[in-house]
Asker: 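Before we start, here is the structure in question, set down as structure tokens.
No hydrogens, no waters, no symmetry mates; every other heavy atom, side chains included, goes into these values.
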Amino acid sequence: MEAPRLYSTKPVQSLKPTKKIPLEEDHGKASDALPLPLHLTNALFFTLFFSVVYFLLSRWREKIRTSTPLHVVTFSEIIAILSFLASFIYLLGFFGIDFVQSLVFQPSPDVWIAEDEEEDDEVLLAKEDARKVPCGQALDCSLPPLPPAAPIVTVQKVFDEKPVTVLTEEDEEIIKSVVAGTTPSYSLESKLGDCKRAAAIRREALQRLTGKSLSGLPLDGFDYESILGQCCEMPVGYVQIPVGISGPLLVNGREYSVPMATTEGCLVASTNRGCKAIHLSGGATSVLLKDGMTRAPCVRFGTAKRAADLKLYLEDPDNFETLSVVFNRSSRFGRLQGIKCAIAGKNLYIRFTCSTGDAMGMNMVSKGVQNVLDFLQTDFPDMDVIGISGNYCSDKKPAAVNWIEGRGKSVVCEATIKGDVVRKVLKTSVESLVELNMLKNLTGSAMAGALGGFNAHASNIVAAIYIATGQDPAQNVESSHCITMMEAVNDGKDLHVSVTMPSIEVGTVGGGTQLASQSACLNLLGVKGASKETPGANSRTLATIVASAVLAGELSLMSAIAAGQLVKSHMKYNRSTKDVSKASS
């Protein structure tokens, strides 16, 4: 778009005498019709407006106090309402109209440029008319040539453009077939052999089918080959979650920088404060109590006696070695640890527990269970396998069996926080924390009938670390089972705090842990992949880190509540005035 020129390019044909424009007659002002001077009228309506507003607010407050309906009005209130409307209309007409017009009808820059052009032309005409020689045929009456204009530079703002995926004619045909239903969306990867291209075609087909845009969902910059067949089906993009760092967290003499993927403001900052308090007090100690993943199939017999016979067989120590050999065939890391049975009439629920190395181990234990079920069919041919999982495991559900028996990694973590650190860093006192923990985390949770929820916000930290390190976020349900204990020690000067978490389900191989971003977070913690020295060491270390981070988060949040800072901190760190929609676009 060309910039508007600051001079006229039309040749001047002739010089015409200036036409005199008669001045407009001075008409009377609208304010002259007022019975009072303008300043007195304004003062009158200002006074009237604020007086009736005060009167109406006072009357309505009195009605609320006496439970009188607001729609029941007296004669004086009717007069006040009418006065309010009259004064409001006057003030709006006097002050509001000019203000609105000044905003709505602002002259555009082209108007000022056009006026400048006319003024320049008038100046040139005036100079030409000042010639002393009369104009005749022998004289050149044309205007002198205008001086060359300086080049006008137009500054254009360049916006960052998002990369647009260019679709070929072949892609367009495939999109149309997906929209028409002739080509299944799930089969694009196998038919095209290009996961990125399949995601782009599926994305475009989805937009056409739904009529909704996915412009805010990124497509480029992700390795779709890495999720094929193991992480996600039918992808159309990926979601971006910010990752913050808490730490250093001092646990068992080692420092860790803990990655936390979250969109909750104040969470990382709060956990970081807890890490600081722990570090200044000498660090935390985290102990692994148990390590065993579970799977519990449900089988049914014709009678309850037959179900009881299988229960006694499985729980007989003499048969455990035979069952272990059958179970352990499925993997070189999966090792059967124990079998626990529960009977309900003719139905038997068999809870297998096994070690799984550095993997979280759900698939590993399921394969071992299937081997045992096949083996049992020989001696118990009347056994009907209802399902490989009978919810006695129990996976991704709050369950007392996990709270009592444990599942995955069972960890206890403790620290003794110095009194000076409690006062200076946590901004509270030992007595306040001990009392709050008893009334909130213990008594309050018991009143609510909590199941494994005797804590302040363990699931916050668990979920953030799980997402960052590629764990199964749904297993946050049982992994967040936690009881937080606080006690005054050293004659009440210091604070002993601990968290006990019986079912932390984590792994450092398999699933989402092999994705680039999640693998980087595991590498930051020093637990990436399988341990070459001791199988299962990396996943056990990760479990102790999770418990220690929960300890830090519990310590900081409880201190904020005890000091009355919870709402203030969330208003500061969890409320933004920035319009992120404009920033993203």
Asker: Would you compute the distance between atom CG of Asn252 and atom SG of Cys413 and round it to the nearest 0.5 angstrom?
Answerer: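 Asn252 atom CG to Cys413 atom SG measures 7.5 Å (nearest 0.5 Å).
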Asker: Under 3.5 Å, is there a donor-acceptor pair linking the side chains of Ser187 and Ser190?
Answerer: no
Asker: Take a 6.0 Å sphere around CG of Asn371 and say whether it holds more than 12 heavy atoms from other residues, nucleotides or ligands.
Answerer: yes
Asker: Would you say Lys493 has more than 12 foreign heavy atoms packed within less than 6.0 Å of its NZ?
Answerer: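 No, NZ of Lys493 has 12 or fewer neighbouring heavy atoms, counting only those of other groups under 6.0 Å.
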Asker: Please name all residues satisfying side chain to side chain donor-acceptor pair (under 3.5 Å) with Arg335, sequence neighbours left out, ordered by chain then number.
Answerer: none
Asker: Can Ser286 and Thr544 be counted as having a side-chain donor-acceptor contact under 3.5 angstrom?
Answerer: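 There is no such pair between these side chains.
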Asker: Below 4.0 angstrom, N of the basic side chain to O of the carboxylate: do Asp223 and Lys196 qualify?
Answerer: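 Here Asp223 does not pair with Lys196 in a salt bridge, since their nearest N and O are not under 4.0 Å apart.
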Asker: Nearest 0.5 Å please: distance from the OG atom of Ser213 over to the CD atom of Gln207.
Answerer: 5.0 Å
Asker: Indicate whether the side chain of Glu554 and that of Thr484 have a donor and an acceptor atom separated by less than 3.5 Å.
Answerer: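 Glu554 vs Thr484: donor-acceptor pair found between side chains.
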Asker: For the residue pair Ser445 and Gly453, what are the closest heavy atoms and their distance?
Answerer: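 What the structure gives for the nearest pair is OG-O, 3.0 Å.
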Asker: With a cut-off of 6.0 Å (strictly less than), are more than 12 heavy atoms of other residues, nucleotides or ligands near CD of Glu233?
Answerer: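 No, because the 6.0 Å sphere around CD of Glu233 holds 12 heavy atoms or fewer from other groups.
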Asker: For Leu495 and Leu433: C-alpha separation, side-chain torsions, deciding distance, then whether side-chain contact (heavy atoms from CB on, under 4.5 Å) applies.
Answerer: CA-CA 8 Å; Leu495 174 72; Leu433 282 173; 3.5 Å; yes
Asker: Can you label the angle between the Phe352 ring and the Phe327 ring as parallel, tilted or perpendicular, going by 30° and 60°?
Answerer: parallel
Asker: Identify, with sequence neighbours excluded, every residue that meets side chain to side chain donor-acceptor pair (under 3.5 Å) alongside Gln370.
Answerer: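 With sequence neighbours excluded, Gln370 shows a side chain to side chain donor-acceptor pair (under 3.5 Å) to Asp374, given in chain and number order.
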Asker: Listing request: all salt bridge (Lys or Arg N to Asp or Glu O under 4.0 Å) pairs with a residue in residues 376-385, at least two apart in sequence or in separate chains.
Answerer: Arg300-Asp384, Arg306-Asp382
Asker: Identify the two heavy atoms, one from Ala307 and one from Lys346, that lie closest to each other, and give their separation to 0.1 Å.
Answerer: CB-O, 3.7 Å
Asker: Working to the nearest 0.5 Å, report the span between CD of Glu431 and CD of Glu435.
Answerer: 9.5 Å
Asker: So how far is it from Leu250 CG to Ser548 OG, rounded to the nearest 0.5 Å?
Answerer: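 It comes to 9.5 Å.
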Asker: Suppose we screen for salt bridge (charged side-chain N to carboxylate O under 4.0 Å, His left out). Which residues come up paired with Asp494, at least two apart in sequence or across chains?
Answerer: none
Asker: Going by an N to O cut-off under 4.0 Å, is there a salt bridge joining Arg407 and Glu478?
Answerer: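 Yes, Arg407 and Glu478 are salt-bridged.
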Asker: Checking side-chain polar atoms at under 3.5 Å, does Ser480 have a donor or acceptor matched by the opposite partner on Asn476?
Answerer: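 Looking only at side-chain atoms, Asn476 and Ser480 do form a donor-acceptor pair, the distance falling under 3.5 Å.
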Asker: For the residue pair Tyr238 and Phe222, categorise the inter-ring angle as parallel (less than 30°), tilted (30 to 60°) or perpendicular (more than 60°).
Answerer: parallel
Asker: Do Arg295 and Ser389 have side-chain N/O donor and acceptor atoms under 3.5 Å apart?
Answerer: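 Present: a donor and an acceptor within the cut-off.
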Asker: Lys532: which residues meet the salt bridge (charged side-chain N to carboxylate O under 4.0 Å, His left out) condition with it, sequence neighbours left out?
Answerer: none
Asker: For the CD1 atom of Ile504 and the CG atom of Leu542, what is their distance to the nearest 0.5 Å?
Answerer: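 Here the rounded value is 8.5 Å.
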Asker: Nearest 0.5 Å, what's the OG-CD1 distance between Ser246 and Ile461?
Answerer: 8.5 Å
Asker: With sequence neighbours left out, write down each residue that passes side chain to side chain donor-acceptor pair (under 3.5 Å) with Lys396, or none if nothing qualifies.
Answerer: Asp472
